[in-house]
2 protein chains.
Amino acid sequence: MSQGRPHHLEGRSSIKDIAQAAGVSHSTVSRALHDSALISHATRERVKAMAAEMGYIPNAVARSLQAQRSGTVGLVLTSLTDPFFADVMAGVDESAGKAGLSMFVAASHNEPEREMEIIETFHRRRVDGIIVAASRLTSRYHDRLARIRVPIVLVNQHAEDSPGFHAVAFDEKAGAHLAVRHLVTLGHRRIGYLGLGNRQRSNALRLEGYQDALAEAALSLDPAWARVIAETEIGTQDDTDVGERAMPALLEGGVTAVFCYNDRVAVGALLACRGLGAEVPRQVSLVGFDDLELARWLSPPLTTVQQPRLAMGSAAVGVMLDLLEGQEGRDVLLSPVLVRRASTAPPSA
Amino acid sequence: MSQGRPHHLEGRSSIKDIAQAAGVSHSTVSRALHDSALISHATRERVKAMAAEMGYIPNAVARSLQAQRSGTVGLVLTSLTDPFFADVMAGVDESAGKAGLSMFVAASHNEPEREMEIIETFHRRRVDGIIVAASRLTSRYHDRLARIRVPIVLVNQHAEDSPGFHAVAFDEKAGAHLAVRHLVTLGHRRIGYLGLGNRQRSNALRLEGYQDALAEAALSLDPAWARVIAETEIGTQDDTDVGERAMPALLEGGVTAVFCYNDRVAVGALLACRGLGAEVPRQVSLVGFDDLELARWLSPPLTTVQQPRLAMGSAAVGVMLDLLEGQEGRDVLLSPVLVRRASTAPPSA
DNA sequence: ACACTTTGTGCACACGTGTGCAGAGATCGA
DNA sequence: TCGATCTCTGCACACGTGTGCACAAAGTGT
C-alpha cells in the first residue's frame, strides 16, 4: 500500500487507522486518548491498547492547525556562537521547555534584512511568540513589522526604541553602581571611570551609576577621573585599544581603581598597567562589565559585572506567556550581579 | 466579528478570505499565489493585489499538514552554552537556512531520558529530520528509538555505536597525524605523546596517528615518550591535573615537543613546564587538541588541532537532505585543521 | 408499558492549504 | 453553424485532529 513511499514515512498511523483497527470512529479514538469522560472505560482501554500496539504518535502539526496554537517560540539571535546569546538561549530553552513549548532558533548575523526575514518565517510558521535579542531593525522596517500578528519580546534592548513591543533588559545603572560600590567598600577613594562615547545611552547610564555611587559615599568627583573617550577620538579602534591608550592618563591622575565601560576596555587597561609596571590588583584595581568568557582567563582574572543572561531568556518567555494569555505586556528590568575575581583588592597605601 | 479574540490573532486572513473578497474560489487563490499557468493573467494579478492589501501571510502549519513535510530540522545538543555545540549549531543553521528549513533546538543536559523526550517531541512535530550531537542514548532506548520514523543523523559520534543511524564525525587519527607532522616539520626529533586511557577509542586513534607520523618521518618510537595515563591512575582528576602530573616524566625523558590528548591536558603540561622553569615554546613545544576557547587566551596561545565544527553541522544537514530525497544515507568523516599559535617553535638545540 | 434521563458513539464540520478532475465558456477550424 | 479544442475556474477531496450536536441504546421512574 505504501508503495513508492520513502522508507521513513512508512507506517505512520493516524487516529483514523486506529479507529479502523478498533472498529470505532476517529472521534472516539480522539476522545479515548484524551481520557474524555464521554467514553466508556472498556472502549478507552481497548483504543489505548491498540494505539500503543500500532506505535501511534500524535501529529502536532494537525493539532496546531486545529487548535490555532502551535506551541512554539521563535528566537532570533545575531550570532549563535556568542556566549552572551548562548546563555539567553539556554534561558529561553529552559522556560519554554517547562511550558511545553518548542524553540525555533535562527541567526541574523547582524543583517537587518535577514532578521526581518527570520521574523516573517516564524510568523508563517505560526509560532506563538517571537523573542529577538539585540534587534537591529530600524524604522525602515516599521511597516513590515506592523504586519506581524504575533507577540514580540525584545531582549537586551530598550523598549522605547520600538513602541508596541515589550522588552527585557538589565539595569545598567545599577550594574555600574554595584561595581563602584565594591571598590568603595574595598577602601578606594580615588576611583576612575573609563567610558566609551560611541555607546551613547549605555555609557550615560553607566557613568550615572558611577557618579551616584561616589556621591553616596561622599567621595569627591574629580572630572579628570571620569574619562569618556569621544566617538571621534575612537574612530575604528577596537575597545581594547581604546582602553590601552586612555589608561595612562588616568593613572597619572592618581586613581587607585578604575571602573571600565566593559571587559574589553578593561583588558586594554590591564595591558597598559603591565606596560607601565603598575601591578594589578596590588597597585591598581580594575573592574569590567559584561563578564565575557575571557574575563575568567585573564591574569589576574577580572572582577566584573555580569548580566543575568539566563534570567533574561527566562523572563522573555514569561512576558510572552503573559501576552498569550491576554494579559497586559510588561517590561522587565533585571538586576546585574557582581562577579568578584582577582583584579580588585584594597588600595596599597 | 473577532470579539473576545486575543488582539494578536485579529485579522489573520486565509486564502478563503481572499477568495471571498476577490470573488473567486479558494482554489483559484491558491493557484494564483503559486503562479500556476492554469490561472489567467488578469485573475492572478487581481488576487495577488488583494492578498497584498489584506496582508496575507501563508500558514506554514496548514501547508506542512497537506504536504506531509514540515520543512524543519530538530537539533538536539547536550549543552547550549558549550562553544563546540554552538559552532555545530551555526553550521546546521546556515545549511538549513539555505535549504529553506527552520531549526528546532533543545538541550538534553546529558540526561538520556531528556534526550529521548526531545527526540520524541520533534517526532510529534513531524520534523523532516533530527540531528543529535554527542548522543548519550544507550541500548536501553533501542525500542523507543526504533519507533522514530524520521531520519536521525549523529554528530561527533561513531555510527558503529548505533546501527541504523548515520553519522558525521571527524578524523581523529588524521588530526593527530597533522599535529605531529607539524612538530616534525619544525625540526623536532624527540616527540612525546600525552594520552588519556579513559577515552579509549579516541586515545587509540590519536596514538595511532602519532605513531604513523613518526614512522613516516623515520623517527624512533621510544615507548617512554608515549605516555598514556591509565584509567585507574586518573581516577577523579580532571584532565588538566593529569597533564600537570604526567608532564615531568616526559621532560626527564628528553623530549623537545609533546602532542597532548586535548587542550586541557596541554594546559596542565604548560603549568608543569612553568613549574620546572622550562620555557614554552623556546625549550618545549606543546600541541593541544580540540581548540577550546581557552587555547586562544593562554600565554603562550596554544597551537592545537581544530575540529571542523561548523562543517560538521553543515554536513549533518547534507546527509539528512540526501536521506529525505530517498538516497542512501552515508557516513561522513571530516578532516581536522591545524591552528598554529605560539606554543610551538623549532627546537632550541 | 411508556416517557424520561443517562451513557456512549458517530456524523459532520472546522482549522488552512493544495490538487485531480469535471465542466463552463471562449476560440478555432471546416 | 456546429463540433472540437483550448483556457480558465470551481467542486470536492485530502492531510490529521478536535468537538458540538444528534441520536441510539440502556437504564430509571411512575
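Note that this is a predicted model, so its numbers are computed, not measured. Letters A, B, ... are given to chains in the order of the sequence lines, protein chains preceding strands, and every chain is numbered from 1.
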What does nucleotides 4-14 of chain D look like as a protein-contact string, B for base, S for sugar-phosphate only, - for none, at under 4.0 angstrom between heavy atoms?
----BBBBB--
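In the model, A:S95 has a side-chain atom that pairs as donor or acceptor with a side-chain atom of A:S314 under 3.5 Å. Using a 3.5 Å distance cut-off with no hydrogens or angles, the side chains of B:T121 and B:R124 do pair a donor with an acceptor.
Between the CD1 atom of B:I57 and the P atom of C:dT17 there is a distance of 11 Å, rounded to whole Å. Distance A:R12 CZ to D:dC15 P: 14 Å, rounded to the nearest Å. Rounding to whole angstrom units, CD of residue B:Q20 and P of C:dG16 are separated by 13 Å. For A:N59 and C:dC15, the CG to C1' distance is 13 Å, given to the nearest whole Å. Distance CZ (B:R126) to C1' (D:dT17): 11 Å, rounded to an integer number of Å. What separates CG of A:L65 from C1' of D:dT19 is a distance of 15 Å, to the nearest Å. Distance B:I18 CD1 to C:dT17 P: 8 Å, rounded to the nearest Å. Atoms CG (A:D17) and C1' (D:dT17) sit 13 Å apart, rounded to a whole Å.
A donor-acceptor pair under 3.5 Å is absent between the side-chain atoms of B:R136 and the main chain of B:N110, judged by distance alone. With hydrogens and angles disregarded, no donor-acceptor distance shorter than 3.5 Å links the side chain of B:S139 to the backbone of B:H142. Between the side chain of A:T78 and the backbone N or O of A:H109 there is no donor-acceptor pair closer than 3.5 Å.
At a threshold of 4.0 Å, the pair A:K48-A:E45 does not count as salt-bridged, since none of the basic side-chain nitrogens sits closer than that to a carboxylate oxygen.
Residue B:R63 has a polar side-chain atom (N or O) positioned under 4.0 Å from OP1 or OP2 of C:dG18.
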